[in-house]
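Worksheet: one structure, shown below.
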2 protein chains.
Amino acid sequence: MAGINTVFEALSHPVRRKILALLRQGPMSAGALAEHFAISRPTLSVHFNKLKEAELVSVERQGTSLIYHLNMSVLEGALAGILDLTEQSND
Amino acid sequence: MAGINTVFEALSHPVRRKILALLRQGPMSAGALAEHFAISRPTLSVHFNKLKEAELVSVERQGTSLIYHLNMSVLEGALAGILDLTEQSND
DNA sequence: AATCTAATTAGATGGTTAGCTAAATAGAAA
DNA sequence: TTTCTATTTAGCTAACCATCTAATTAGATT
């Protein structure tokens, strides 16, 4: 399991948050995602990797394409992490 | 206003998230906060600064002490930012 | 005004990140 | 099996981040 640190670290870059926002509407290939960015594919690929390490996305091969999927449950974990900071607790 | 990038960047470091968690229970001086960490005060001070830049905290002087306050509304903004990534939208 | 306390800013260093181009891999198609 | 397409990995560089110690600032106390 990936650890909250890795997840927040992954969320800290705007390109990576945009990738997640795009994947929210459904799985997409690396190439299809790349069309939404002005940066090189290798650079984007490194961002994919950080999202994978954080388990915010998963990958599935389809022929020559790699299809990325959003992993909602880990994103919800991050949500809970912030929620923890806003809620008063008694311990 | 601080921008969502600055906020997520500020949230990406575990020390800074712990600072916020401590402030959740009420305002605290820099020194009181420092007792909860094993890192040097100057380093901690840099972390305070990033939280201030993100407007996640505000500061008020009380004699020689600087008292840090959690700014809940900005934290809620971050919450909304992640929520945006989880919710299906039609636009 | 000299000194003490609380905290910051300055300056230096080691490690990490984001970006690039070029090279390599994996699968599909000719 | 050669070639094409999609994507990644490798290798590099410039910029940035976290940390430290030393010096400075701000206010309180004597």
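All values below come from the heavy atoms of this structure, side chains included, with hydrogens, waters and symmetry mates left out. We name chains A, B, ... by the order of the sequence lines, and we start the count at 1 in each one.
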Please report the C-alpha distance between Leu33(A) and Phe48(A) in whole Å, then the side-chain angles of each, then the deciding distance to 0.1 Å, and finally whether the side chain to side chain contact (heavy atoms under 4.5 Å, CB included) criterion is met.
CA-CA 10 Å; Leu33(A) 284 164; Phe48(A) 293 153; 3.7 Å; yes
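- OP1 or OP2 of dT7(D) sits under 4.0 Å from a side-chain N or O of Ser29(A).
- Ranking dT19(D), dC20(C), dA10(C) by closeness to the Ile39(A) side chain, first place goes to dC20(C).
- Looking at the side chain of Thr43(B), the nearest of the listed nucleotides dA26(D), dT8(C), dT19(D) is dT19(D).
- Nearest nucleotide to the side chain of His47(A), out of dG19(C), dT8(D), dC20(D): dG19(C).
- Regarding contacts with the backbone of dA6(C), every side-chain N or O of Thr64(B) stays at 4.0 angstrom or more from both OP1 and OP2.
- Applying the 4.0 Å criterion to OP1 and OP2 of dC20(C), one finds that Ser40(A) has a side-chain N or O inside that range.
- Distances shown here put a side-chain N or O of Asn49(B) below 4.0 Å from the OP1 or OP2 atom of dT9(C).
- Atom CZ of Phe37(A) and atom P of dT7(D) are 14 Å apart (whole Å).
- The distance from atom CG of Leu11(A) to atom P of dT17(C) is 15 Å, rounded to the nearest whole Å.
- Side chains of Tyr68(B) and Leu56(B) form no contact here, defined as non-hydrogen atoms less than 4.5 Å apart.
- For Tyr68(B), whose side chain is taken as the heavy atoms from C-beta onward, the closest listed nucleotide among dT19(D), dA6(D), dT8(C) is dT8(C).
- Here the CG-CD distance, from Leu85(B) to Glu76(A), works out to 12.0 Å after rounding to the nearest 0.5 Å.
- Glu53(A) places its CD atom 11 Å from the P atom of dA18(C), with the value rounded to the nearest Å.
- Contact check, His13(A) against dG19(C): a side-chain N or O comes under 4.0 Å of OP1 or OP2.
- None of Leu23(B), Val7(B), Leu11(B), Val57(B) except one satisfies the side chain to side chain contact (heavy atoms under 4.5 Å, CB included) rule with Leu75(B); the exception is Leu11(B).
- Taking atom CG of residue Leu44(A) and atom P of nucleotide dT7(D), one finds them 10 Å apart after rounding to whole Å.
- Summarising the geometry, the separation between CE on Met28(A) and P on dA6(D) is reported as 15 Å, rounded to the nearest angstrom.
- Arg16(B) has a side-chain polar atom (N or O) that falls below the 4.0 Å cut-off from OP1 or OP2 of dA18(D).
- Remark: side-chain polar atoms of Lys18(B) are paired, donor with acceptor, to backbone N or O of His36(B) under 3.5 angstrom.
- Using a 4.0 Å heavy-atom cutoff across all strands shown, Lys50(B) reaches sugar-phosphate atoms only and no base atom.
- Closest to the Arg61(A) side chain, of the nucleotides dG27(C), dA10(D), dA26(D), is dG27(C).
- Backbone-only engagement by Ser65(A) is indicated by non-hydrogen atom pairs under 4.0 Å involving sugar-phosphate atoms exclusively.
- When the C1' atom of dA18(D) is taken as reference, atom CG of Asn5(A) falls 14 Å away, rounded to whole Å.
- Both Val59(B) and Gly63(A) lie near DNA chain C, and the one whose nearest nucleotide falls closer to the 5' end is Val59(B).
- Straight-line distance from the CZ atom of Arg41(A) to the C1' atom of dA23(C): 17 Å, rounded to whole Å.
- Rounded to whole Å, the distance from CD on Glu35(A) to P on dA6(D) is 10 Å.
- Residues Glu53(B) and Glu9(B) have side chains not in contact (no heavy-atom distance under 4.5 Å, counting atoms from C-beta outward).
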